[in-house]
Number of protein chains: 4
Amino acid sequence: MAVKTKTKEKVIDAAVSLFNTKGFDGTSVREIAKKAKVNVANISYYFDGKEGLLESLVTMFFEGYIKEIEKAFQFLDTHSPKECLMLLVRNVLMYQHEHRHIARFVYREISLDTILIREVMTTYLTKEKFYIKTILERGMKERQFRKVQPPFIIVQLKGMLMMPYLHPQYMTEVLHLFAHEPYFVDHYRKEVESWISYTICGENDSSNKVILQLKS
Amino acid sequence: MAVKTKTKEKVIDAAVSLFNTKGFDGTSVREIAKKAKVNVANISYYFDGKEGLLESLVTMFFEGYIKEIEKAFQFLDTHSPKECLMLLVRNVLMYQHEHRHIARFVYREISLDTILIREVMTTYLTKEKFYIKTILERGMKERQFRKVQPPFIIVQLKGMLMMPYLHPQYMTEVLHLFAHEPYFVDHYRKEVESWISYTICGENDSSNKVILQLKS
Amino acid sequence: MAVKTKTKEKVIDAAVSLFNTKGFDGTSVREIAKKAKVNVANISYYFDGKEGLLESLVTMFFEGYIKEIEKAFQFLDTHSPKECLMLLVRNVLMYQHEHRHIARFVYREISLDTILIREVMTTYLTKEKFYIKTILERGMKERQFRKVQPPFIIVQLKGMLMMPYLHPQYMTEVLHLFAHEPYFVDHYRKEVESWISYTICGENDSSNKVILQLKS
Amino acid sequence: MAVKTKTKEKVIDAAVSLFNTKGFDGTSVREIAKKAKVNVANISYYFDGKEGLLESLVTMFFEGYIKEIEKAFQFLDTHSPKECLMLLVRNVLMYQHEHRHIARFVYREISLDTILIREVMTTYLTKEKFYIKTILERGMKERQFRKVQPPFIIVQLKGMLMMPYLHPQYMTEVLHLFAHEPYFVDHYRKEVESWISYTICGENDSSNKVILQLKS
DNA sequence: CATGAATGAGAGTTCATTCAT
DNA sequence: GATGAATGAACTCTCATTCAT
């Protein structure tokens with residue numbers, strides 16, 4: 001199989017790379033074919049056209065994405081909501097890091113009004129919302145989380161998680177943060193975890209200190 | 001002048017609307033001209049081509065954007081860093097709300113690798129970074145803010161601020177939050193302010209309570 | 001106008017010539033443009049694509065065609081059905097002769113199953129049928145025509161009228177009849193008139209002779 | 001053999017069906033292969049390309065066609081020219097009826113200027129002309145036929161014979177005659193026989209009546 | 001200032017065919 | 001005998017732009 005579908009994979013790699021930097025509409029199938037060193041006709045042959053190639057890539061990305069979310073969600077039964085949420089963040093960040101080229105253009109693309117994107121939203125993003133919302137509600141019920149409105153928390157969370165992978169160039173050239181380097185994931189994860197601890201759980205350093213003072 | 005340049009304005013309005021939903025590369029000048037009910041040639045005439053139209057819009061957006069940032073920054077001398085940062089958030093959110101159609105496609109577009117975008121980054125986003133970084137450093141110096149790394153805070157802040165305006169469709173269809181309605185801005189601003197209070201300043205409810213207990 | 005639409009006319013001329021010999025599907029727009037010495041894009045510009053060009057030509061042909069039929073039909077009030085039918089034959093043959101290049105490919109094309117052809121049938125050919133049928137029924141009522149079934153007569157008539165213009169090559173190379181030369185029309189018209197006299201009206205030479213014999 | 005060449009036959013059936021409705025140039029080999037449920041490469045394998053498939057079908061059709069003509073022609077020695085001509089008409093109509101799908105597209109195709117078609121004309125249609133001409137000349141010599149010019153009669157005859165099978169859709173939708181139903185052949189044959197009797201032989205009803213009157 | 005005609009380049013797609021298996 | 005991958009060429013159509021009016 002690996003031998004047979006060499007062409008298909010070459011097309012995918014080239015497409016991801018080009019869509020990443022030039023956007024879907026800004027990339028021509030001829031460019032893709034040239035970069036992949038295959039014949040143009042193969043794109044229609046294997047993916048049923050440029051649109052089909054896009055759909056393939058987007059679906060591929062979100063299938064993996066939602067699987068990571070679900071892996072984290074399963075911990076809700078055995079772990080605390082906070083731990084579960086942090087695991088989710090960890091998984092998403094790692095998945096995005098590993099697929100950062102495709103992530104960039106997918107996140108860009110889902111800001112458009114197309115049929116494909118609407119389908120993605122009802123298929124994957126609605127699921128994702130459900131998982132995060134459930135974690136948040138459990139956390140609130142167990143008094144581990146402050147009283148929050150899940151949708152508003154989800155906006156912030158997703159904004160924070162996407163940002164480095166949607167605008168890597170901004171990260172590098174303006175902020176001098178290298179989102180593509182492995183240690184960035186670790187560092188940034190801690191940042192988001194801080195946000196979880198402070199803003200969602202309502203913890204802080206001073207409270208610890210105060211508690212210590214109280215004890216003394 | 002207003003009468004004379006009616007054509008120019010009609011083109012801008014049509015372009016923003018179309019770029020917003022279909023993207024820059026996904027929109028043709030003929031579509032724009034048709035929607036604006038003007039002749040195609042006018043686009044080349046007034047904006048020196050499609051690329052020029054894009055540059056016009058992007059520049060227009062960021063000129064206003066950076067002005068809002070600067071308005072907030074001026075308060076740093078007379079107000080606390082926290083107040084200043086909150087004002088900045090308020091101004092940005094309001095500006096984005098007011099120009100939400102152009103904001104969407106500009107934020108999408110700056111995720112691409114083009115010469116124009118590189119220029120925008122060095123011109124506007126570097127400035128923005130300077131202002132926010134300065135506020136953060138002042139806040140840390142004055143012990144109002146926790147010890148943070150400005151670039152990491154900026155990533156999160158920008159992610160949170162952009163999200164609702166880059167993905168309005170996701171907001172509406174998945175989260176059922178209506179980013180285009182005026183009260184959303186107020187509500188969301190408070191969310192970001194919470195993040196400032198909790199995560200940046202390190203405040204929380206319990207600490208308040210503890211402090212009260214201490215006083216008693 | 002004549003100056004302005006030079007391009008349009010050049011395209012039509014080239015298209016008719018090529019469709020004539022190579023068929024619609026066998027001709028590419030590039031060939032047409034090349035032959036017309038205009039840019040390819042003009043075909044889409046003026047005719048809204050190749051299909052639109054076909055529609056234009058077919059409609060153009062049948063508009064003139066049906067007009068000729070109607071001109072003859074108007075004589076039904078003032079002339080005998082036989083004279084009217086003969087006039088109809090004359091008009092059709094002359095019209096076909098004058099537009100023999102377009103006629104050939106139109107007659108070929110209407111043997112296909114396409115939406116356009118269905119429309120042509122309900123728009124023009126149904127009308128034509130009505131006119132001929134009316135003439136035939138009047139003729140039968142007035143005892144000038146034998147008792148015939150109009151649809152069957154129409155098949156034969158149309159077969160005879162189309163044949164020389166649908167298969168001019170056969171005419172020339174096999175039968176050595178030159179359908180494109182003016183005198184052919186006259187000659188062939190007389191042939192069809194014979195058919196009208198003999199087969200439809202039921203007249204013949206011998207009857208004349210017999211009648212003479214009777215008189216004597 | 002029949003088992004082995006199942007593929008070949010499946011291709012032929014599919015091709016005839018598609019060429020019939022969409023024309024030769026309007027049909028792709030992939031469509032044919034799909035409809036025939038065989039692999040595309042088989043078409044090149046068995047027929048040496050699409051063009052070869054066309055040649056195969058056209059030749060196949062005309063081989064059978066000319067055989068029918070010849071079968072009728074042989075009766076010229078033992079029967080009257082009129083009977084012979086009527087038999088020819090009968091055979092052609094029946095052959096066309098039986099192969100009406102292939103007939104339609106062959107008759108359409110021979111209106112084009114291609115090398116194949118020129119060959120068909122010199123091979124088959126010239127022969128056909130010879131047979132019909134011979135019958136006509138014999139008939140004139142024997143005073144059974146009026147004095148006619150064979151080529152002009154052939155045009156009319158062929159026009160009448162082809163018409164229902166070249167334009168079956170027109171027959172059905174406009175004239176409401178169902179050329180594909182068996183009884184149509186019988187009915188239409190009588191129509192053409194009337195034409196032979198009236199227009200070629202110069203007979204008519206009145207002459208019979210007159211003759212009767214003479215006798216009385 | 002505004003227009004419609006016209007263009008060359010390039011878009012995505014489909015074509016008939018070939019070839020190793 | 002039959003297949004699916006792969007190709008180069010050609011397809012129609014649309015693109016942004018220019019230019020004379």
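Keep in mind that what you see is a predicted model, and the values were worked out from it rather than measured. So that the names make sense, note that chain A is the first sequence line, chain B the second, and so on, each numbered from 1.
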Identify which nucleotide among dA2(F), dT7(E), dC1(E) has an atom closest to any side-chain atom of Tyr46(B), counting heavy atoms from C-beta outward.
dC1(E)
Can you name the ring-ring contact (aromatic ring centres under 6.0 Å, His included) partners of Phe62(A), sequence neighbours left out?
Tyr65(A), Tyr124(A)
Residue pairs fulfilling ring-ring contact (aromatic ring centres under 6.0 Å, His included) with at least one residue in residues 26-45 of chain A, sequence neighbours excluded
none
Please find out if less than 6.0 Å separates the ring center of Tyr107(A) from that of Tyr170(B).
no
Just jot down the side chain to side chain contact (heavy atoms under 4.5 Å, CB included) partners of Glu55(C), sequence neighbours excluded, or say none.
Thr59(C), Leu116(C)
Under the side chain to side chain contact (heavy atoms under 4.5 Å, CB included) test, which residues partner Val16(B), sequence neighbours left out?
Ile12(B), Leu57(B), His101(B), Ile102(B)
DNA chain F: stems of at least 3 consecutive Watson-Crick or G-U pairs, cut-off 3.5 Å?
E:2-21 with F:2-21
Might you list the N or O atoms of the protein lying below 3.5 Å from N or O atoms in nucleotides 18-20 of chain F, with each pair's distance?
none

Can you list everything that forms a side chain to side chain donor-acceptor pair (under 3.5 Å) with Glu51(D)? Sequence neighbours excluded, please.
none
Within residues 16-29 of chain D: residues closer than 4.0 Å to DNA chain E (heavy atoms):
Thr27(D), Ser28(D), Val29(D)
Starting at atom CG of Leu54(B), determine the distance to atom P of dT17(F), rounded to an integer number of angstrom.
12 Å
Between dA16(E) (C1') and Arg30(D) (CZ): distance, integer Å
8 Å
Restricting to side chain to side chain donor-acceptor pair (under 3.5 Å), what partner residues turn up for Asn42(C), sequence neighbours left out?
none
Sorted by position of nearest nucleotide on DNA chain E, 5' first, the leading residue of Asn42(C) and Lys50(A) is Asn42(C)
Residues passing the ring-ring contact (aromatic ring centres under 6.0 Å, His included) test with Tyr165(C), sequence neighbours excluded, are none
Note: for Lys37(D) and Tyr45(C) on DNA chain F, the residue whose nearest nucleotide lies more 5' is Lys37(D)
Verify the contact: side-chain N or O of Thr7(D) to OP1 or OP2 of dG1(F), cut-off strictly under 4.0 Å; return yes or no.
no
Only counting residues at least two apart or in another chain, list the ones meeting side chain to side chain contact (heavy atoms under 4.5 Å, CB included) with Thr123(A).
none
Separation of dA16(F) atom C1' from Glu31(B) atom CD, nearest Å, is 13 Å
Just how far, in rounded Å, is P of dC15(E) from CD1 of Ile32(D)?
11 Å
What is the distance, to the nearest angstrom, from the NZ atom on Lys34(C) to the C1' atom on dT7(E)?
18 Å
Look at Asp13(C) together with Lys8(C) and state whether they make a salt bridge at an N to O cut-off of under 4.0 Å.
no
Rounded distance (Å) that lies between atom P of dA11(E) and atom CD1 of Ile43(A):
11 Å
Would you tabulate the side-chain donor-acceptor contacts of residues 31-38 of chain C under 3.5 Å, counting partners in other chains and residues two or more places apart, or write 'none'?
residue	atom	partner	partner atom	Å
Glu31(C)	OE1	Ser28(C)	N	3.0
Glu31(C)	OE2	Lys22(C)	NZ	2.5
Lys35(C)	NZ	Ser17(C)	OG	3.1

